Amino acid sequence: MLDLKYIRDNLEEVKKNIQIRNVSADPEKVVNLYNKKNEVLKRTESLRQKRNENVRIMKGKLSEGERLKLIEAGKKLKEEISALELSLEKIRSNLHREILKIPNLTHPDVPEGRSEDDNLELKRWGKPAEFTFKARDHLQIGNELDLIDFETAAKVSGQKFYYLKNKAVMLELALVRYALEILEKESFTITLTPDIAKEDIVEGIGFIPRGEESNIYSLEGTGTCLVGTAEITLGAYFSGQILKAEDLPIKLAGLSHCFRREAGAAGQYSKGLYRVHQFTKVEMFIFCRPSQSETQHSYLLNLEERIYQGLDIPYRVVDTCTGDLGGPAYRKFDIEAWMPGRGQKGDWGEITSASNCTDYQARRLGIRFKENGKSVYVHMLNGTAVAVSRTLIAILENFQQEDGSVKIPEQLVPYTGFSRIN
RNA sequence: GGAGAGGUGUCCGAGUGGUUUAAGGAGGCGGUCUUGAAAACCGUUGAGCUGCAAGGUUCCGGGGGUUCGAAUCCCUCCCUCUCCGCCA
């Protein structure tokens with residue numbers, strides 16, 4: 001969330017930002033609720049002060065008459081205070097609800113636009129393969145080589161689930177190992193995170209844990225959710241803590257399953273493994289000083305590129321436009337891999353994203369560090385190291401051979417133990 | 001899942017209704033002394049909200065309750081430890 005004082009003092013800027021990011025939020029309502037909260041808080045606190053004074057007097061020796069009088073006064077104060085506290089609580093919860101709708105500020109270089117079509121292409125790497133035969137999509141390849149089984153998964157778990165089989169299993173494990181080793185060398189602390197997190201944590205990271213529009217599976221009656229990404233469990237790792245300035249930047253990497261409801265998502269561009277309810281992902285996370293976050297953001301993008309260059313997957317990098325940014329992100333770079341089976345004649349498909357969320361998440365989660373005796377919110381960044389299911393698409397479709405087999409990228413062979421699937 | 005013991009500031013730890021405005025210790029920071037360091041001594045040292053500030057207010061695992069007044073009493077949930085049960 002944004003700082004309340006900042007919204008109050010920069011209302012026009014916040015309004016403009018909401019407009020270019022194409023979301024519905026009402027900062028004026030937030031400011032009104034904030035002012036109202038402060039006003040009621042002030043009255044509550046002055047009554048509390050009276051109550052405390054009253055109590056202090058009663059610590060000493062008093063005549064019975066005086067004591068009774070003070071007790072009566074205390075009773076009256078108590079009633080007034082609880083009435084005010086009740087309305088304060090109401091205002092607070094309204095304020096909380098409204099402020100969560102307000103997105104992060106936006107980096108000045110982010111292209112303005114309404115949808116992903118307005119994202120700005122920054123660069124391309126590699127050359128999409130030109131096939132001398134009719135290219136198949138990963139569904140066909142997966143079927144022919146007995147690698148992916150959607151039908152059985154639909155029967156057992158529902159649509160948009162899948163069984164990986166045979167060499168695809170090893171390929172998934174190899175990708176995970178490949179990414180984790182690179183990150184370990186980059187002195188990330190590698191972790192294997194829980195796949196479940198508490199609702200307030202999920203919300204603190206900026207996801208909506210419940211409701212129709214939520215992309216998150218909540219576990220009824222437990223106050224917890226299945227994580228949509230390890231960004232949640234990594235980001236909350238230090239929640240409520242004050243970090244040592246000399247420890248920054250802190251780099252964590254996490255392997256987890258990711259669960260997404262994807263309600264209403266369907267169609268040609270979501271087919272097969274592209275949009276599924278469960279997949280495996282290695283995520284990177286950085287906590288740093290505000291002055292470092294732009295550099296760290298480039299660093300994350302750079303690492304992602306290295307990882308996909310190592311896999312020989314052709315890709316392009318895009319700077320996500322204002323209308324396509326999620327609430328917490330200040331700026332986001334996506335890597336889109338070339339997927340020959342996507343659309344009619346192949347297309348780019350998002351395979352990683354690296355976001356600089358500045359202090360938007362840190363404020364809700366209470367993650368700070370000390371600077372000159374003052375506590376400052378850290379900046380938090382996240383990036384995909386390997387999203388396995390989509391990387392499988394890219395590998396199967398880009399490295400398919402005329403004889404129906406699939407070649408494994410050279411750098412992955414030490415991890416798979418085979419260089420070809422057939 | 002059952003029984004018991006716990007959860008207090010960066011850490012250890014005292015505290016069972018009103019001199020707790022959280023004792024004391026360790027650690028950190030500053031200083032005295034010293035060629036320098038150690039030791040010793042002196043001082044200082046949590047966070048949030050509000051406010052220009054002074055100040056005020058909240059926080060003793062979370063939430064709720066009793067009371068004029070709660071770290072302290074009651075209810076509830078969470079977590080940790082020990083033992084038992086179950087189990088990859």
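Chain identifiers are assigned alphabetically (A, B, ...) following the order of the sequence lines, protein sequences preceding nucleic acid strands; residue numbering begins at 1 within each chain. Note that the structure is predicted; figures quoted are calculated from it, not measured.
- Across all strands shown, the partner of B:G24 is B:C12, judged by Watson-Crick or G-U wobble contacts whose two distances both fall under 3.5 Å.
- Counting to the nearest Å, the C1' atom of B:U10 and the CZ atom of A:Phe369 are 18 Å from each other.
- A heavy-atom distance below 4.5 Å is not found between the side chains of A:Leu86 and A:Glu89.
- Going from the P atom of B:A22 to that of B:G18 covers 14 Å, rounded to whole Å.
- With P as the reference atom, B:C59 and B:A54 are 22 Å apart, rounded to whole Å.
- More than 12 heavy-atom neighbours from other residues, nucleotides or ligands sit within 6.0 angstrom of CZ on A:Arg420.
- Between B:G56, B:G51, B:C68, one nucleotide has an atom nearer to the side chain of A:Lys75 than all others, and that is B:C68.
- The aromatic ring centres of A:His297 and A:Phe333 sit less than 6.0 Å apart.
- Residue A:Arg92 contributes atom CZ, which lies 10 Å from atom C1' of B:U50 at whole-angstrom precision.
- Side chain of A:Arg8, nearest nucleotide from B:G18, B:U57, B:G51: B:G51.
- A close approach under 4.0 Å does not occur between any side-chain nitrogen or oxygen of A:Arg51 and OP1 or OP2 of B:A70.
- Proximity of A:Asn52 to the phosphate of B:U57: a side-chain N or O atom is located under 4.0 Å from OP1 or OP2.
- Comparing the P positions of B:U44 and B:C49 gives an interatomic distance of 26 Å, to the nearest angstrom.
- Two residues, A:Ala73 and A:Arg368, neighbour RNA chain B, and the one matched to the more 5' nucleotide by heavy-atom proximity is A:Arg368.
- Among the nucleotides B:G56, B:A47, B:G51, the one closest to the side chain of A:Asn38 is B:G51.
- Atoms CG (A:Leu88) and C1' (B:U57) sit 12 Å apart, rounded to a whole Å.
- In this structure, A:Lys5 places its NZ atom 8 Å from C1' of B:G51, rounding to the nearest Å.
- Annotation: A:Lys101, atom NZ; neighbour count of heavy atoms from other residues, nucleotides and ligands within 6.0 Å is above 12.
- Listed pair A:Lys78 / B:C68 meets the phosphate criterion, a side-chain N or O lying under 4.0 Å from OP1 or OP2.
- Judged by distance alone with a 3.5 Å cut-off, no donor-acceptor contact links the side chain of A:Gln49 to the base of B:G56.
- Taking atom P on both B:G24 and B:C33, the two are 27 Å apart, rounded to the nearest angstrom.
- Rounded to the nearest Å, the gap between the P atom of B:C68 and that of B:G62 is 25 Å.
- Rounded to whole Å, the P atom of B:G2 lies 26 Å from the corresponding atom of B:U72.
- Straight-line distance between the C1' atoms of B:G25 and B:C86: roughly 44 Å, to the nearest whole Å.
- Counted within 6.0 Å of NZ on A:Lys37, heavy atoms from surrounding residues, nucleotides or ligands total more than 12; the atom is thus considered enclosed.
- Distance, A:Leu77 CG to B:U67 C1': 14 Å, rounded to whole Å.
- The nucleotide whose nearest atom lies closest to any side-chain atom of A:Ile71 is, among B:A47, B:C68, B:G51, B:C68.
- Separating the C1' atom of B:G15 from that of B:G64 is a span of 24 Å, rounded to the nearest Å.
- Within 4.0 Å of A:Leu70, counting heavy atoms only, lies no atom of the nucleic acid at all.
- Counting any heavy atom pair closer than 4.0 Å across all strands shown, A:Arg364 reaches no nucleic acid atom.
- Picking from B:G18, B:U58, B:U50 the nucleotide with the shortest atom distance to the side chain of A:Arg48 gives B:U58.
- Centroid-to-centroid, the aromatic rings of A:Tyr360 and A:Tyr330 stay 6.0 Å apart or farther.
- The interatomic distance linking A:Lys76 (NZ) with B:U67 (P) rounds to 19 Å, in whole Å.
- Base pairing analysis places B:U72 opposite nothing; no Watson-Crick or G-U wobble pair with both distances below 3.5 Å involves it.
- To the nearest angstrom, P of B:C52 lies 10 Å from CG of A:Asp9.
- With rounding to whole Å, A:Phe238 atom CZ is found 19 Å from B:A47 atom C1'.
- Place A:Lys50 and A:Lys37 on RNA chain B by their nearest nucleotides, and A:Lys37 ends up nearer the 5' end.
- In this structure B:C29 sits in a base pair with B:G43, meeting the Watson-Crick or G-U test at under 3.5 Å.
- When the shell of 6.0 Å around CD of A:Glu410 is examined, it contains 12 or fewer heavy atoms from other residues, nucleotides or ligands.
- Pairing for B:A5 goes to B:U80, judged as Watson-Crick or G-U wobble with the two contacts each under 3.5 Å.
- Using cut-offs of 30° and 60° for the angle between ring planes, the A:His277 and A:Phe161 rings count as tilted.
- Comparing atom distances between the A:Val55 side chain and each of B:G18, B:A47, B:C49 picks out B:G18 as nearest.
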